[in-house]
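Note on naming: letters A, B, ... go to the chains in the order of the sequence lines (proteins, then strands), and numbering restarts at 1 for each one.
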Amino acid sequence: MTAVPLGIPRRLVEFTLDGQATRVPEGSTILDACRAAGKDVPTLCEGDTLTPKNACRVCVVEVEGARTLAPACSRRADPGMTVLTDTERTRHSRKVVLELLASSVDMSTTPKVAGWLKEYEAKPDRFGPDAARLDEEPRVDNDLYVRDYDKCILCYKCVDACGDQWQNTFAISVVGRGFDARIAVEHDGPLTDSACVYCGNCIEVCPTGALSFKSEFDMRAAGTWDEERQTETTTVCAYCGVGCNLTLHVQDNDIVKVTSPHDNPVTHGNLCIKGRFGYQHVQNRD
Amino acid sequence: MDLHFGDSKPTDEERAAVDAVLGPPESAWEGADDRSDADLRWARGGRAARERRDELLPGLHALNDRVGWVSEGGLDYLCRRLTVPPAEAYGVATFYSMFSVRPRAATVVRVCTDLACGGGAELCGEVSSRLGPGSGVAVEASPCLGLCERAPAGLVVRAGVPAAPSSPTPPLPENSLARGPELTTDRLDGSSSNAGRAERPRPGEGVSARPVFEDELGGAGDLRPRVAAEPGDSGRGGSGEKTYVTATLAPATPDTLTKAALAPESAPPEPPAALAVPQAGREGLLLLSRIGTVDPTSLDDYRAHGGYTALRQAFAIGPAEVIREVTDSGLLGRGGAAFPTGKKWQATAAQPDHPHYLVCNADESEPGTFKDRVIMEGDPYSLIESMTIAGYATGAHLGYLYLRGEYPRALQRLQHAITQARARGFLGDDVLGQGYAFDIEIRRGAGAYICGEETALFNSIEGYRGEPRSKPPFPVEKGLFGKPTAENNVETLVNVLPILTMGAQAYAAIGTATSTGPKLFCVSGSVERPGIYELPFGATLAELLTLSGKPDNLRAVLLGGAAGGFVRPDELDIPLTFEGTREAGTTLGSGVVLALDDTVPLPRVLLRIAEFFRDESCGQCVPCRVGTVRQEEALHRIVERTGADAAGDIALLREVGRTMRDASICGLGQTAWNAVESAIDRLGAYK
């Protein structure tokens with residue numbers, strides 16, 4: 001069982017969500033309230049362990065009196081506000097944002113997107129065959145990570161996880177501007193020349209598979225990656241005494257990748273290089 | 001954090017450029033070559049160094065100005081000095097269009113290709129072919145250079161050692177500056193003066209964890225930039241080195257621009273700023289009255305023309321009463337959003353959190369806008385005085401003046417004005433002997449339209465990428481450095497002077513009931529007398545165009561710049577007020593009035609607008625980052641098409657435009673579709 005930190009008691013804020021009077025603890029976001037009410041609001045850049053960057057704009061909702069739509073992931077619920085989550089206006093914005101994204105990057109490994117494209121009747125092809133997209137080869141410059149920027153939606157989650165929100169290594173940043181903006185390490189060099197410490201926490205938060213384990217990348221390329229056949233076992237890391245939880249993803253009796261439960265109050269999904277990548281000794285069977 | 005800086009080393013030149021801004025490194029911990037015994041016992045860095053992060057942008061300017069681009073070694077050295085992670089600094093350096101992280105020629109010619117400079121693209125091509133390969137000059141197309149009244153425009157920048165001050169003696173500490181107006185410390189290298197740093201400590205001012213060794217520093221406490229002595233320094237090429245020079249050419253011809261590119265130091269001087277004001281010298285002007293009649297380099301002349309009476313009035317009535325006057329005057333912000341200035345000041349002044357900051361937004365980058373430049377060049381002291389009043393009213397002791405990087409003459413004039421004001425007690429610890437401390441620090445932008453957005457501007461000053469923050473919280477609560485901040489643009493601030501000298505009632509009597517006071521308009525394009533015009537709110541577009549010489553074959557007027565909208569020649573009775581333009585379904589924006597006659601190909605203008613937004617999007621949010629690209633692509637497809645052929649793409653443009661307006665984080669994305677939409681709906685483009 002996972003311990004749930006209770007925190008100090010918070011006042012309740014009352015507001016109207018899709019016509020229903022709703023009460024949420026002070027400081028909650030509109031998205032928190034939607035989830036508590038069982039409403040499905042699509043999100044891509046929002047992450048459960050990070051401060052929302054509200055860059056993807058698929059979770060926009062209508063706040064009465066506001067000129068523009070508001071991102072549900074980061075707008076806090078204010079007393080008395082009236083919020084509509086599923087109107088023609090919000091559906092239109094979500095549809096076009098999904099089209100813009102899917103026409104510019106490869107979203108084939110992004111969970112749930114296929115369903116949203118169908119739900120919002122998005123047609124990414126309608127920008128024509130010449131619509132600009134990155135079309136860049138994956139960068140494989142080390143044995144642990146692959147950076148496939150053709151799948152990157154610039155959600156900033158890896159930057160935040162590597163920076164002051166978790167790892168404090170500051171090895172990655174957004175560089176350039178506009179449509180040419182990219183995620184990169186210093187001087188846009190290989191990962192091996194950078195400040196990267198290979199904790200893999202950026203892979204943990206990446207929502208699209210733009211950052212992935214070399215093991216997963218190789219198996220996908222070979223056509224052997226099959227999540228249906230994988231089991232997940234959560235255990236305790238044996239390397240040091242901190243006691244981080246590891247979730248071993250095992251396919252055909254081989255560990256294929258390691259993640260960590262986000263609701264763990266010690267690690268919140270973060271690991272170090274040993275916990276994340278140091279599993280080969282387990283499967284040396286000779 | 002445990003930062004990783006790599007192995008690349010700066011050249012001596014790059015090291016000198018950074019040290020000129022930051023002072024010499026105090027220890028091996030922050031980049032000095034040799035370790036001293038003390039370095040082995042003391043660790044430096046941490047918070048004290050990180051708090052200097054806002055010097056990253058001036059540091060990048062120093063490197064770029066000295067060698068023409070920002071190299072790996074130079075960037076890493078700057079990062080080591082400021083304990084900024086190199087990845088982040090690289091992200092900042094690549095954000096601005098004036099910096100290059102690839103080797104580049106020392107001389108860069110920027111040719112404006114924006115709306116008023118219609119033929120800029122041809123000029124750009126002509127200059128590059130005349131210069132030919134191997135000339136050591138890079139020619140780049142540039143967004144609006146803010147010289148629309150003298151279009152077409154070009155800006156030449158040659159990297160080199162900072163120019164020595166015009167005075168034979170090197171600049172001295174403030175107390176000896178009171179010698180006279182000839183002693184200028186105008187500097188073009190963008191480095192900030194230490195005297196403006198009233199709020200936060202600098203190294204050597206009580207935050208050092210170890211004693212300062214005088215012999216290492218060449219005099220403890222002398223952290224001032226040491227450029228004056230540099231040309232003669234041994235080991236760096238001596239007097240043969242080229243100096244940093246800028247030359248502004250407008251109107252530019254292939255001839256003059258090519259000549260200036262090869263020898264920017266002998267380029268002809270710019271015409272006086274007053275030439276941009278066709279009404280100069282006329283009676284009844286409130287904001288432009290001094291331009292052309294006052295010497296912009298003389299504080300005494302400014303005072304002889306009524307300068308500093310408004311500040312005295314402010315001190316006489318006290319900060320609360322100043323805010324009341326500004327509120328009663330009905331002054332609305334002139335930057336485009338038209339927010340009540342008094343309300344903003346009141347909200348800032350009332351914040352319990354301290355310090356408060358004042359920020360002057362002089363990042364005028366809207367294509368077609370040049371009014372702030374003319375004020376800063378022609379009457380710089382008025383802005384210094386207005387900022388002092390605004391600081392006094394809002395309880396700020398430090399004001400940041402964020403000036404766009406493409407305005408070298410405005411930078412020079414303002415630096416001179418600030419130095420003079422400081423020397424004479426109009427800025428500093430005790431302004432006018434009233435016990436109020438206020439100083440101004442200039443921050444130079446580096447080519448990014450988005451930095452005119454108020455929260456992006458804060459990020460830019462703080463040394464981060466100039467990406468807008470999401471609001472709330474609003475700047476009055478959490479602005480610059482997370483502290484309560486009042487941000488106003490240049491025109492808004494200078495309106496405070498007549499409010500205080502003539503009184504709120506008299507000021508509010510000008511204009512209409514809801515749009516009070518005078519308004520500046522930047523008229524350019526196909527008119528006989530382009531320039532800045534001052535009219536009371538409520539004058540019509542027709543009246544303004546009559547003043548500036550309306551062409552007979554007027555096709556359309558772009559009102560409010562690239563983020564504004566087009567109006568037809570039969571709509572010229574639109575009253576130029578915030579409410580009047582809103583009623584007419586358009587916007588006043590920043591006061592741009594760009595007249596297009598029927599010889600101007602409209603589809604090309606629209607394409608240029610779309611290209612501008614695609615170039616200037618920061619890339620943070622999806623609707624703007626991808627939407628501006630899709631908008632430009634659709635306009636390319638229909639550039640020569642009309643009617644049914646264009647209908648599908650126009651429908652697509654509408655859908656994308658609506659999403660950009662609804663779902664973008666900031667005003668750039670929200671307005672990127674305005675002009676194109678109005679061209680389709682009001683002008684019938686593509687019909």
* **Which atoms of A:Ile172 approach chain B - backbone, side chain, both or neither, heavy atom under 4.5 Å** => backbone
* A:Arg126 versus chain B, heavy atoms under 4.5 Å apart: side chain, backbone, both or neither? -> both
* Asked: Is it the backbone or the side chain of A:Asp164 that comes under 4.5 Å from a heavy atom of chain B, or both, or neither?
  -> neither
* Examine whether an atom of B:Arg637 lies under 4.5 Å from a heavy atom of chain A, and if so say whether it belongs to the side chain, the backbone or both; otherwise answer neither. => side chain
* Give, as side chain, backbone, both or neither, the part of A:Val97 having an atom under 4.5 angstrom from any heavy atom of chain B. => both
* **Side-chain donor-acceptor pair present, A:Thr267, A:Asn270, cut-off under 3.5 Å** => no
* **Exercise: identify the closest heavy-atom pair between A:Thr51 and A:Gln165** => N-OE1, 2.9 Å
* Does some side-chain heavy atom of A:Cys158 sit less than 4.5 Å from a side-chain heavy atom of A:Ile183? -> yes
* To do: Evaluate the criterion salt bridge (charged side-chain N to carboxylate O under 4.0 Å, His left out) for residue pair B:Lys471 and B:Glu453; output intermediate values, then yes/no.
  => CA-CA 12 Å; B:Lys471 294 184 273 188; B:Glu453 199 279 341; 3.7 Å; yes
* **Residue, of B:Glu616, B:Arg614, B:Arg661, that accumulates the most heavy atom pairs under 4.5 Å with chain A** => B:Glu616
* Is any side-chain heavy atom of A:Glu119 less than 4.5 Å from a side-chain heavy atom of A:Arg94? -> no
* Using non-hydrogen atoms and a 4.5 Å limit, figure out which bit of B:Ala448 sits close to chain A: side chain, backbone, both or neither. => both
* To do: In plain terms, say whether A:Glu46 and A:Lys157 are close enough for a salt bridge, that is, a side-chain N and a carboxylate O under 4.0 Å apart.
  => no
* Under a 4.5 Å heavy-atom cut-off, does chain A meet the side chain of B:Asp7, its backbone, both or neither? -> neither
* Toward chain A, the part of B:Leu75 with a non-hydrogen atom under 4.5 Å -> side chain
* Looking at A:Ser194, A:Ser74, A:Ala181, which makes the most heavy-atom pairs under 4.5 Å with chain B? -> A:Ser194
* Short N-O contact, A:Arg91 and A:Glu88, less than 4.0 angstrom -> no
* Asked: Of the backbone (N, CA, C, O) and the side chain (C-beta and beyond), which part of A:Ala171 lies under 4.5 Å from a heavy atom of chain B, both, or neither?
  -> backbone
* Asked: Contact part of A:Ser103 toward chain B, heavy-atom cut-off under 4.5 Å: side chain, backbone, both or neither?
  -> both
* Is the closest side-chain donor-acceptor distance between A:Thr85 and A:Asp18 under 3.5 Å? -> yes
* For A:Asp180, is it the side chain, the backbone, both or neither that has a heavy atom under 4.5 Å from a heavy atom of chain B? -> neither
* **Heavy-atom donor-acceptor pair, B:Ser664 side chain to B:Cys666 backbone, under 3.5 Å** => no
* Which atoms of B:Phe5 approach chain A - backbone, side chain, both or neither, heavy atom under 4.5 Å -> neither
* **Top contributor to chain B interface from A:Asp188, A:Asp130, A:Val185 [non-hydrogen pairs under 4.5 Å]** => A:Asp188
* **Side chains of B:Glu655 and A:His92 in contact at under 4.5 Å (non-hydrogen atoms)** => yes
* Go through the atoms of B:Val101 and report whether side chain, backbone, both or neither lie under 4.5 Å from a heavy atom of chain A. => neither
* Asked: Tell me, side chain or backbone of A:Arg76 under 4.5 Å from chain B's heavy atoms, or both, or neither?
  -> neither
* **Side chain / backbone / both / neither for B:Arg630 at chain A, heavy atoms under 4.5 Å** => side chain
* Between B:Ser142 and B:Glu140, does any side-chain donor sit less than 3.5 Å from a side-chain acceptor? -> no
